[in-house]
Amino acid sequence: MKKLVLVDGNSIAYRAFFALPLLNTDKGVYTNAIYGFTTMLLKVLEEENPTHMMVAFDAGKTTFRHNTYKEYKGTRQKTPPELSEQLPFMRDVLKAFNIAHYEIENYEADDIIGTLATKAADSDFEVKVYTGDKDLLQLVSEKVKVALTRKGITNVDTYDLNLVDEKYGITPKQIIDMKGLMGDSSDNIPGVPGVGEKTALKLLKQFETVEGVYKEIENVSGKKLKEKLEANEESAYMSKKLATIEINAPVDIGFDEMKKEEPNHEALLSLFKELEFSSLLDRIGGSEIVEKEELEDLEITVVEEITSEMLVSPSSIVVEILDENYHNADIIGISVANKKGNYYIPTEKALTSDVFKEWAADKQREKWVIDAKRGVVSLGWKGIKFEGVTFDIQIASYLIDPSSSSHDMADIAKRNNAISVETDEAVYGKGKKRHIPAVEVLSQHLARKAASISELKEKLETELKDNHQYELFKELEMPLSIVLGKMERNGVAVDKNELVEMGEKLTATLKTIEAEIHELAGLSFNINSPKQLGEVLFEKLNLPVIKKTKTGYSTSADILEKLRDKHEVVEKILHYRQLGKLNSTYIEGLLKVIHKETGKIHTIFNQALTQTGRLSSTEPNLQNIPIRLEEGRKIRHAFIPEQSGSVILAADYSQIELRVLAHISKDKNLIDAFVNDLDIHTKTAMDVFHVTEEEVTSQMRRTAKAVNFGIVYGISDYGLSQNLGITRKEAQEFINRYFESFPGVKEYMENIVREAKENGYVTTMLKRRRYLPEINSRNFNQRSFAERTAMNTPIQGSAADIIKKAMVNMAEEMEKQELKSKLLLQVHDELIFEVVKDEIDLMSKLVRDVMESAVELDVPLKADVEYGATWYDAK
DNA sequence: CGAGACACGC
DNA sequence: GACGTACGTGTCTCGA
């Protein structure tokens, strides 16, 4: 069977351009549309495996349709130059793929496709059309299917006769009539004003065509509608004509010319390289070739015996661990680079060498590293002190631009044009294939890493200084990494039996609920499968479908919440979900990560990940232990002090983000509220609803709280509406009223967006930086998102700065006073300590003082301190 | 093995 | 005129 794939080139290019962020190459060539277009081609070739293929483009500005209606596409904005400059590259891509492309004066790509699809169907081809334009659905027939881009570019819905009927309830031919009636604003086709998709479909069901409507116009129900139709009869006929795809365009390309040939592999490789499509190079199997030609062996010494001459100051050092999790993991090799040379030290040699250990522990001998914490903690587990780290290139890279996809050595080296370092994945493999390579390979790899640290240290240091971030680096993040390392290494004690017991109870309850659900549903199924659950709820039990996801019915908690009183099984499912989450993530999850030797839990804080400057925590994530619902909160009973008699002390900042907002916006009203220590949500409610304190209802306070939440997290009117279960309009109204009450905040929001547009980035109080390239995007979504980010990042990021500062100050103070208490965890606005009995009073006061004085603001900082026998009791 | 749905914290 | 909307981590299912 012959199979012809026809692609609407302009339409796909447009979709790709607006769907993807504005990527560009080192040379400044924009590539997002080319990239999207290319991934789509790859996918089509893979999935369709066509015998014939052709991409049609529009030619010129005017077409025969302009003779009918000179305003055709009159409202369409000019193609942005960032996109038009990409179009020639797409033709290059097609050429390399050996795919035909075609255009004719006076006709649109649609018409070429329509003509060829019709011809091909007659010549026994199976035809598939790829486009982002719904108009093309009129071409669907027995032999012609239309793949319509859905979200992004590679995601498509394939329309055949059935699907068109299902979605619209009409035949493909009637699509034209639909457009005739409703028009198309994007093409500036007028249609009948006041008639939208719904009305058009209703009319077509009754009268079949535009002609049918007018023939029996007296039978149209609704006086207004009839009037509108009568007044715009001419427009309707013209619109139908405009929307009709020409199937007899003067196309002079034969099917022979569309035969799909093998791609020109070399041309593709060089093109992808030029465009910097590294992930696509992988897909066409070109990455090995690329890397090999770059690497030249570095001169290294494999160390037999460590001498102090090798370990001069400063030295760059790499302590390599295969495992992502470095707690008590094997060190597979160590490399050192300095002015004496590049050294590879086999692990055993290093760990048993007194020279090495002495050097490592010597604060005076400078070390430059990548991911200091990783080295310090892993050597710590081996009983080796590692001090004197003055430069961590990972943290530097993160501070310079947190948005970089990763801050590992291969990445940093590549970004900064340093000597090339292979990716860990290329050297070690991934998944099952991960392994330690031969020593020649390993030593090269590690030596290259160490050498690139030396090579780049100064460059990044200068960049930090230029950005006024050196203090942030040197005085905050570097010392913080040591503090975090100690917290991780120390770990948190847990009551294993408590967890096991809770788990047993949960498992039993879950079994009961499961049985009840199966009983109520009348069949046994996997409640954890949203797919099966959806089928049971919406097909078997016929509950109303509120929302669909792209794979089926949505069964998320907020949807189930709305179905609560429709069927008693819903409540049970919600409960089952809640307990299931507790059991699998928290009980079983935590039991799994209890360390075999220490019996404690050792998380890893990622200090170089979030875009705002917050930390994150993994394996396990100790920043999302339940607290909101009592059943989950009980998990905190299992977090206990290591030493008997000690307590868990939790200190959290009260409203730190809103206080930061008051400070940076200088809003008088907000500053007053905090200076007078008011309940901020009540105060907001009073202002937004124009009521006195006594008149504030709990509902009002709840709304005000959600508004404050929205301000802090940078959510949109939509987000707020979802949160409160109100309409978007109402949400916008609340936001407006908020800004009326806090005009300084509004001014700040406007200024920060302007600043972001001018600089391309925003900063926090301590000069943390976040770039927002999308702030000037023409894509509404991307731009709006960047604008909200501009407003939010200084707030959330400054709060992160402040608590980090408090942590560093606290560690310093505790060391100075030689306290035995320990910092265990940080949860964004909260610090958790283990406090020995005779330090309770001292620590309670000290923690509060240190947190509240971490920085000086226009409003007071407030920290609440609580302690108890377990984390649960520290409330 | 990766993507998607879902749920937890701030 | 629609777009599809806080972040980060982890678990489970499901289809390739």
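Using a 4.0 Å heavy-atom criterion, one finds that A:Arg628 contacts the sugar-phosphate atoms exclusively. At the heavy-atom level, A:Gln796 lies nowhere under 4.0 Å from the strands shown. A:Gly431 comes within 4.0 angstrom of the backbone, heavy atoms only, and of no base.
Here the options are A:Glu514, A:Gln532, A:Arg577, the test is side chain to side chain contact (heavy atoms under 4.5 Å, CB included), and the partner is A:Ile527; only A:Glu514 passes.
Comparing the P positions of C:dT5 and B:dG4 gives a spacing of 13 Å, expressed to the nearest Å. Rounded to the nearest Å, the gap between the C1' atom of C:dA6 and that of B:dA7 is 16 Å. Comparing the C1' positions of B:dC6 and C:dC3 gives a spacing of 24 Å, expressed to the nearest Å.
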I'd like to know whether A:Lys729 forms a salt bridge (Lys or Arg N to Asp or Glu O under 4.0 Å) with A:Glu733, so could you lay out the CA-CA distance, the side-chain angles of the two residues, the decisive distance to 0.1 Å, and finally the verdict. CA-CA 6 Å; A:Lys729 234 184 175 154; A:Glu733 180 56 26; over 6 Å; no
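A:Ser716 contributes a side-chain N or O that forms a donor-acceptor pair with the base of C:dT5 under 3.5 Å.
Between the CG atom of A:Asn528 and the P atom of C:dC14 there is a distance of 9 Å, given to the nearest Å. Distance, A:Ile527 CD1 to C:dT13 P: 11 Å, rounded to whole Å.
A donor-acceptor contact shorter than 3.5 Å links the side chain of A:Asn32 to the backbone of A:Phe17. In terms of modelled atom types and a separation under 3.5 Å, the side chain of A:Arg614 and the main chain of A:Leu609 share no donor-acceptor contact.
If you check C:dG4, C:dT11, C:dG10 against the side chain of A:Glu619, the one that comes closest is C:dG10. You'll find that the side chain of A:Ser584 is closest to C:dT11, out of C:dT11, C:dG10, C:dC14.
Remark: the A:Asp558 side chain and the A:Ser556 side chain contain an N/O donor-acceptor pair separated by less than 3.5 Å.
Pairs of Watson-Crick or G-U wobble type, with distances under 3.5 Å, assemble into runs of 3 or more in DNA chain C at these ranges: B:1-9 with C:7-15.
Chain A approaches DNA chain B over the interval B:dC1 to B:dC10, counting the first and last nucleotide 5' to 3' with an atom under 4.0 Å from its heavy atoms.
Electrostatic pairing of A:Glu631 and A:Lys581 does not count as a salt bridge here, judged by no charged N lying under 4.0 Å from a carboxylate O.
Heavy-atom distances under 4.0 Å link DNA chain C to A:Leu609, A:Thr610, A:Gln611 of residues 604-614 of chain A, given in residue order.
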